[in-house]
Each structure stands twice: as C-alpha cells, then as structure tokens.
Amino acid sequence: MTIAERLKLPINALKVAIDSGEAYAQLAIDAELVKAHNVTVSPTLIFNEGRQRLNGNVGYRVMEANIRELLHNPAGEQSWW
C-alpha cells in the first residue's frame, strides 16, 4: 500500500495534477517563495506581508497570540510586539 492510499488521498486527482505539470508548477512557486522570504528552517510561518515570522518548533500559544493580534488589530493602529 502506498502512502497516498494509507492517507486515503484522491489518487486519480494526484495523477492528473502530476501528469498535467500542475504539481510541478506549484512546487516551483513554493521554491520561489522560499527564496523571496529567505526561509531557512521548517516550519516557518510568515505573517503580515512578511513583517512577522515564526521559525522552527513554536508552541501553539505563540502562534495563537500572533494570529489573534493580527485579526484584532484595528486598521491603521501600530502593533507593538
């Protein structure tokens, strides 16, 4: 059994994406974003048009605090971290 089968992924849709080149195009886009945002570790979460980043093994409370601040920060107000 393959990994895709174990994960119950849509195998036919995966084959179509690979055969059409769409999967490879998406990988190329991801590779360009890695370069553009200077990502050097995984995982890396980038927020706020690249102005905020969380690198590596970050606890969910840290992620939550960052996301909550972005969602609840009124427009035009400075966010002081």
Side-chain angles (χ1 to χ4, degrees):
M1 179 178 278
T2 68
I3 293 171
E5 290 169 330
R6 278 196 306 259
L7 295 174
K8 298 180 181 167
L9 297 176
I11 294 171
N12 288 333
L14 293 171
K15 287 180 180 178
V16 168
I18 291 169
D19 292 344
S20 71
E22 179 62 23
Y24 296 110
Q26 291 299 319
L27 282 173
I29 290 169
D30 285 350
E32 289 301 317
L33 287 169
V34 164
K35 290 178 194 173
H37 292 289
N38 194 30
V39 173
T40 58
V41 299
S42 178
T44 296
L45 301 173
I46 299 173
F47 303 104
N48 205 8
E49 290 82 37
R51 291 187 291 273
Q52 270 175 266
R53 66 189 304 135
L54 300 175
N55 295 318
N57 186 15
V58 176
Y60 74 91
R61 286 190 177 105
V62 173
M63 288 184 255
E64 179 186 26
N66 279 267
I67 292 168
R68 189 177 306 276
E69 178 66 19
L70 289 171
L71 291 175
H72 298 291
N73 189 23
E77 181 180 302
Q78 295 295 320
S79 176
W80 307 106
W81 282 79

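Predicted model, so just to flag it, every value in this text is computed and none were measured.
The distance from atom CG of Leu14 to atom CG of Asp19, rounded to the nearest 0.5 Å, is 10.5 Å. Put simply, CZ on Phe47 and CG on Leu71 are 9.5 Å apart, with the number rounded to the nearest 0.5 Å. Note that CG of Asn66 and CG of Leu54 are 4.5 Å apart. Values are rounded to the nearest 0.5 Å.
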For residues 24-46, please give each side-chain donor-acceptor pair under 3.5 Å, one per line with the distance, not counting sequence neighbours.
{"from": "Gln26", "atom 1": "NE2", "to": "Glu22", "atom 2": "OE2", "distance (Å)": "2.8"}
{"from": "Thr44", "atom 1": "OG1", "to": "Val41", "atom 2": "O", "distance (Å)": "2.6"}
{"from": "Thr44", "atom 1": "OG1", "to": "Asn55", "atom 2": "OD1", "distance (Å)": "3.3"}

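Val58 approaches Met63 most closely through the heavy-atom pair O-CE, 3.1 Å.
The salt bridge (Lys or Arg N to Asp or Glu O under 4.0 Å) contacts involving residues 50-62 comprise Glu49-Arg51, where partners must be two or more places apart or lie in separate chains.
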